[in-house]
Every structure is written in structure tokens, then in C-alpha cells.
Trainee: 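Encoded as C-alpha cells, here's the structure I'll be asking about.
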Amino acid sequence: MKAREVNFDGLVGLTHHYAGLSFGNEASTKHRFQQSNPRLAAKQGLLKMKALADAGFQQGVIPPHERPCLPVLRQLGFSGSDEQVLAKAARQAPHLLSAASSASAMWVANAATICPSADSLDGKVHLTVASLNNKFHRSIEAPTTEALLRAIFRDDTHFAVHPALPQVAMFGDEGAANHNRFGGDYGEPGVQLFVYGREESAHTAPARYPARQTREASQAIARLNQVRPQQVLFARQNPDVIDEGVFHNDVIAVSNRQVLFCHEHAFVDQPRLLAELQARVPGFMAIQVPDSEVSVADAVATYLFNSQLLSRDDGSMMLVLPQESQTHAGVWRYLNALLAQDNPVSELQVFDLRESMANGGGPACLRLRVVLTDAEQRAVNPAVMMNDTLFTTLNNWVDRYYRDRLTQADLADPQLLREGREALDRLTQLLHLGSVYPFQR
Ligand SMILES: NCCC[C@H](NC(=O)CCC(=O)O)C(=O)O
């Protein structure tokens, strides 16, 4: 069956700010309490979506969540009117107000894990919402993510959306950021590689930073998504690189079709994993970057591997990179050498995603890949697909509602809450989503 990869990007929310909420994510820690620019952040993301849509790649958009999340503040005991809840949280526990206000849902590579219909036992596209329970601010994303995915992939003859796994550490799951699919044409059955950092039952874990994804969670997702058992592989992420800031596998590896582009230290027992992929994926090609050319620290600082590897119709591939990998002389030299070598990568495209990058989110974090056949694509809510009109509409919407600077102190402003609700209410109309947010129910 003919199919293609469609990329859905998260639209940055109105409360995008730097709160240092993600221990183990070095950019998040480093930029704590710096002033952010939500308007610029949203526009940087929209420009990437538009440029890729213009280049012929199918591109959709996933809306932001309601923030500050008043229901979670109430659940934590802050009471009274909405204004009182905000004021009390700001005074008594500003870090909780920050967490309840994070725009982290923008990184939709962590929204869900996808199984294309070519790989599933029942022939449907499966989407399992990520639990994200290693970080409080991210664990509150799951219910709205589920509502949004149901509003986008709304035809249950084609799509099965599964709620997140039980919210305990044993089932820590960070979605597609720890998942790779290999194969030939997108519509042919592929090999799905689930990458985890920790195994609860074996008591394995890195020493310094947390491993967010467990083997137990990966196994449950493979079951929920009905991936044919003979098409599943599990691999452990190298704990040493987690300790150097590789908090998701997509910070050290990216795949597309038959190609795996990764650092030589990405996985535990990497030679065995590559041999296994070699045996199972026709035409498999690993592009391994040696530590002598790019260190793990430089990979983390530049997000070289948090790139999008996109296929053109002629079989060649384009690497979509953050500007940080261009401004680093050594990494840029490596990338240009890569172009000259015998491999499918034939073009580099660089984007300024500075606002997202400062919280540890590069091009690959901002997108969720969904392989769809023509019939499945026709069943997707068409209002979320990027084109000239939607690009203009969303830019105008951002201009109208978004602030151009934000710090932690602004989160207590009840006006910010009102602006957010008004903006999201308008957005659900623009994108034909129905009622998806708590304030709309
Ligand atoms: N895939 C990229 C995810 C980045 C995200 N950063 C954050 O949540 C930082 C938020 C803050 O610190 O304000 C994370 O670590 O999960």
C-alpha cells in the first residue's frame, strides 16, 4: 500500500517560559528564569512548518494546551476563584505555578507513540498517548493530548487512540522520541525499535540523571499499538550518555526508512543492535558519528541528531537542523563532509528555533511523525493541515494574542489566563476541533 510520512508540529503555547523544570535536560537547567518570547517562539515554529510544507512535505499542526492549568492547581489544594488560585500558588509555591504553566506540550515528539497500519495486527493506525510521568509539568499533558489527538485523528475506522499508561515510574513513557521505525517504502511493514533507558525489574539506571523511558512501558506500548511481534525490537540507551544530557533517544539518534543516523555511543551493545537491524531491514545503513569527530557533549549542545531526516520522492534525504549545529564549526564541518559521502543525505536545511532550543527542544522534538495511506490522510481533520491560508491565519492569531516577553513573575497575572482561554477558544474554531480544553467543558 502506498503511504507517506506526515509530520505534525506542536504549536508553541502562550505561556512559553524558562523555568528549569527538567532535571537531566541541560538546556532547561541553563536557561532557568531567563526571559522568553512566546510570540517569537510560535513564529519560529510556524516558519519551519511552512517551509517544509512549501518544499512538498505533508505538514500538520497540533495546538497548545490550556495553561496555567487551573484544574491541577486546584488538585494541589489552591482554592477560591481562578484569580485567588493563581495568587496563592504564586505566593506559596511559584515552582508549582511554573510547572502548571509550562508550554511543554509543544514538543509533540513526546505526545504519543505511533504504529502505522502496515505494522498493526488490525490494520489500523495506533496512537498511544505518552504518560511523561518523570516530570510533573509534563505528566499533566496526557488528558489534553488525548483529546487533541481524537479531534485530529477522529475516524475510528482508521485510527485507534489509546490513553496513557498508568501514572507510575514503572511505566515512564516519553512517546515517539524513543521510537524508531525502519523499512523500505513507508507503506510496507517496517521494523519498530523501542528504546528505553531503564528497566524497573532489573534495577538498571544511569547514575546522575534520570532515565525517563522504561522497558516495561515500551513493551506495553508495543502491545497496545498491536505491532506484529516479529516486527518489534527493544534496545537500551547507553546510560553514560543519559548522564551527559541525552534525556531522550532523539537527542542522539534519528532514523528514516533504511537509514539510522546516530552517535557511536548511543546504545548499549551498539554493534549487536546494528547487526540485528542489518539482518532485518533490507538495505539497512547506519551512519555512525565517531566521538573523535563529534563528542556527546557537542551533540547535546548543538542538537545535531535532533534533526528531521526527510525523504524526497527520488529517494534522497534532507536533514533539517537547528541553527546551533551550523554555528558550531566542528559539527558544521562534519555535516558538510557527510553530504560528500556515499549516503542518501543530499541536503541540509537549517532553522532558527532558538526559543524552543533554550528549553532543550530541537526540530525533531517539535514534530510527531505519522505514516498515513491516502485513505487515512483523507480521514484526518483537514483543518490542521498547513498551507498558505493556515499559515497566514495562525500568524495573525499569534500576533493578536501572544506576548513578546514572559518571565515567571508574569504567570500570576490573571489577564494571561484570560488571554490564553480566549486565544485557545478561537483556535479550536479555526482548526475545527470542537471542545477539547478543560475551560470549554
Ligand atoms: N523533546 C524535548 C523536550 C524538552 C522538554 N523541556 C522542558 O520541559 C523544559 C521546560 C522548562 O524547564 O521550563 C523536556 O525536558 O521534556
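Because the structure is predicted, anything quoted here is derived from the model rather than measured. Whatever order the structure lists ligands and atoms in, that order sets their numbers, starting from 1. Both backbone and side-chain heavy atoms feed into the values below; hydrogens, waters and symmetry mates do not.
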Trainee: Between Gln167 and Ser139, does any side-chain donor sit less than 3.5 Å from a side-chain acceptor?
Mentor: no
Trainee: The criterion is side-chain contact (heavy atoms from CB on, under 4.5 Å); which residues satisfy it with Ser28, sequence neighbours excluded?
Mentor: Ser22, Asn25, Asn359
Trainee: Under 3.5 Å, is there a donor-acceptor pair between the Thr407 and His17 side chains?
Mentor: no
Trainee: Using a 4.0 Å cut-off on heavy atoms, what residues surround ligand 1? Order them by chain and number.
Mentor: His17, Tyr18, Ala19, Gly20, Leu21, Ser22, Asn25, Ser28, Ser104, Trp107, Asn110, His137, Arg138, Arg212, Phe247, His248, Asn359, Gly360, Cys365
Trainee: Salt bridge between Glu146 and Arg150, side-chain N to carboxylate O under 4.0 Å?
Mentor: yes
Trainee: Are Phe153 and Phe8 close enough that their ring centres sit under 6.0 Å apart?
Mentor: yes
Trainee: Hey, does the side chain of Ser131 reach the backbone of Phe171 with a donor-acceptor pair shorter than 3.5 angstrom?
Mentor: yes
